[in-house]
Visitor: 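A single structure is presented below for examination.
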Amino acid sequence: MFGYIWQYVYTSFLRYWLKWLVRQVTGKCELQRICSGYKQGATRTTKAGELNQPKSGLLLLPTLETSKDKLEQRVDQIMKEKNVKPQKDPLFKESLHVCLLQITGYSSLYITVEDLRKEVFSSENAEHEAMLLKLWDLLMPTVKLESRITKQWGDIGFQGDDPKTDFRGMGLLGLINLVFFSENYTEEARQVLSHANHPKLGYSYAIVGINLTEMAYSLLKSGALKPHLYNAVQSTPELQHFHQLYCYLAYEFDKFWVAEEPESIMQFNQYREKFHNIVQTHLQDPDVSLTLTVRSKN
């Protein structure tokens, strides 16, 4: 009971006066103290984002407008509202601007990823078909695909003769991730495929890739990827950064699977969950950056 009373008194009365006193002593508002007290990355942006609520007395983002011009205008408004003098704190404007780019960029990235997830793979769409055939050429450059619908697709881990049925869960997003990994990290993708085709430790390369796409999507949707993206991207998180995360998951899951030596592919869900927990643990580190350490071709 006392805890609730103290919380009410603090948030309703004491917090305002404490912030006022600290400003008088330091000469800086709370946002300035955050931007100067933490290095660029997840901790700074997260703490700045926590002020984006009415009870803090400040709305950083009245809308999710991602236009850089609009964000720059909002930074200028905040500096005016908080009486921040550029000559006294020359680094504040750029620091706050980066925070806003990261916060709005994360929201925009989720919308973009969600749209791709909802887009159904269509054999009538030439671009979709081209991506699918490109995936084959990247992974199996010395093997000619006999026809569009063939059991050969099983060689790269699709379940049936026509891969389009396997994209239903993650829509076009699953295919795009598979192609991105294979195109930008071709050697690594082929290495992972060779492990997937191992007679004892093998797994369905394409199906697992689609499954890992769902994992990446779920982490993005829940907000769990914020620390990673705020650390890894110094401006606006974009779709390529989501694809890069998938590459990390695909490569690291393969290493994890081989090291664990499961007795059967029937244990996939068990090991997937274990790997998921490892990733979530990494994401609890404020300095996390889930970046593939091998060199990209691009």
Side-chain angles (χ1 to χ4, degrees), residues 40-54 58-75 77-78 96-122 125 127-128 130-132 164 166-181 183-184 209-250 276 279-280 282-283 288-292 298:
Q40 179 178 307
T43 302
R44 176 194 286 178
T45 299
T46 299
K47 287 186 174 294
E50 289 172 353
L51 297 182
N52 186 40
Q53 46 189 319
L58 174 68
L59 285 178
L60 294 178
L61 305 166
T63 68
L64 289 180
E65 175 60 64
T66 57
S67 163
K68 291 187 177 181
D69 291 338
K70 293 289 186 181
L71 289 180
E72 287 182 4
Q73 292 175 15
R74 184 58 188 142
V75 171
Q77 292 172 355
I78 291 171
L96 180 58
H97 189 211
V98 170
C99 290
L100 300 194
L101 286 172
Q102 291 181 321
I103 294 169
T104 57
Y106 191 96
S107 299
S108 296
L109 174 59
Y110 169 69
I111 293 172
T112 300
V113 169
E114 177 69 5
D115 288 343
L116 286 174
R117 186 188 70 84
K118 291 179 178 178
E119 186 173 352
V120 178
F121 179 91
S122 172
N125 188 311
E127 292 183 0
H128 294 187
M131 274 194 289
L132 184 58
K164 73 176 184 179
D166 294 322
F167 293 121
R168 290 174 182 170
M170 279 286 108
L172 199 60
L173 186 62
L175 174 58
I176 293 175
N177 273 344
L178 286 167
V179 172
F180 186 94
F181 182 41
E183 184 173 27
N184 290 276
I210 295 170
N211 198 285
L212 292 174
T213 294
E214 190 279 331
M215 182 185 296
Y217 164 77
S218 297
L219 292 169
L220 179 71
K221 183 179 181 179
S222 70
L225 287 186
K226 288 180 179 180
H228 157 67
L229 288 173
Y230 291 166
N231 287 327
V233 185
Q234 298 183 1
S235 183
T236 304
E238 298 178 348
L239 186 58
Q240 65 171 333
H241 301 120
F242 179 81
H243 297 324
Q244 287 284 356
L245 173 74
Y246 166 79
C247 294
Y248 169 88
L249 294 177
H276 188 200
V279 173
Q280 288 184 310
H282 288 327
L283 289 170
V288 64
S289 182
L290 304 182
T291 304
L292 193 55
N298 297 322

Visitor: Classify the angle between the aromatic ring planes of Phe181 and Tyr246 as parallel (below 30°), tilted (30 to 60°) or perpendicular (above 60°).
Guide: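 Ring orientation, 0 to 90° scale: perpendicular.
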Visitor: What pair of heavy atoms forms the shortest contact from Leu220 to Tyr106, and how long is it?
Guide: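 For Leu220 and Tyr106, the tightest heavy-atom pair comes out as O-OH, 2.8 Å.
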Visitor: Counting only heavy atoms from other residues, nucleotides and ligands, does the tally under 6.0 Å from CD of Gln280 exceed 12?
Guide: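 Yes, the 6.0 Å shell around CD holds more than 12 heavy atoms from other groups.
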Visitor: Do you know the tightest heavy-atom contact between Ala216 and Leu249?
Guide: CB-CD1, 3.8 Å
Visitor: What verdict does the side-chain contact (heavy atoms from CB on, under 4.5 Å) test give for Leu109 and Leu225, after you've listed the backbone C-alpha separation in whole Å, the side-chain angles of each residue and the deciding distance to 0.1 Å?
Guide: CA-CA 11 Å; Leu109 174 59; Leu225 287 186; over 6 Å; no
Visitor: Taking Phe121's backbone N and O only, do any of them form a donor-acceptor pair with His128's side chain (distance below 3.5 Å, no angle check)?
Guide: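 Checking the backbone N and O of Phe121 against the side chain of His128, no donor-acceptor pair under 3.5 Å is found.
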Visitor: Give a yes or no answer on whether the side chain of Ser222 reaches the backbone of Leu219 with a donor-acceptor pair at less than 3.5 Å.
Guide: yes
Visitor: Can a donor-acceptor pair be found, under 3.5 Å and without considering hydrogens, that links the side chain of Asn231 to the backbone of Val288?
Guide: yes
Visitor: Treating Gln102 as the side-chain partner and Val233 as the backbone partner, does any N or O pair qualify as donor plus acceptor under 3.5 Å?
Guide: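 Looks like yes, one N/O pair under 3.5 Å.
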Visitor: For a side-chain contact (heavy atoms from CB on, under 4.5 Å) check, start with the C-alpha distance between Val120 and Phe167, then their side-chain angles and the critical distance, and finish with the verdict.
Guide: CA-CA 8 Å; Val120 178; Phe167 293 121; over 6 Å; no
Visitor: So do Gln234 and Val98 actually touch side chain to side chain, heavy atoms under 4.5 Å?
Guide: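 A side-chain contact under 4.5 Å is absent here.
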Visitor: Given the rule in the side-chain contact (heavy atoms from CB on, under 4.5 Å) test, do Arg44 and Tyr230 qualify, once you have shown the distances and angles that lead to the verdict?
Guide: CA-CA 9 Å; Arg44 176 194 286 178; Tyr230 291 166; over 6 Å; no
Visitor: Hey, what do you get for CG (Leu116) to OG1 (Thr213), rounding to the nearest 0.5 Å?
Guide: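 Going from the CG atom of Leu116 to the OG1 atom of Thr213 covers 11.0 Å.
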Visitor: Please lay out, stage by stage, how His241 and Leu245 fare under the test side-chain contact (heavy atoms from CB on, under 4.5 Å).
Guide: CA-CA 6 Å; His241 301 120; Leu245 173 74; over 6 Å; no
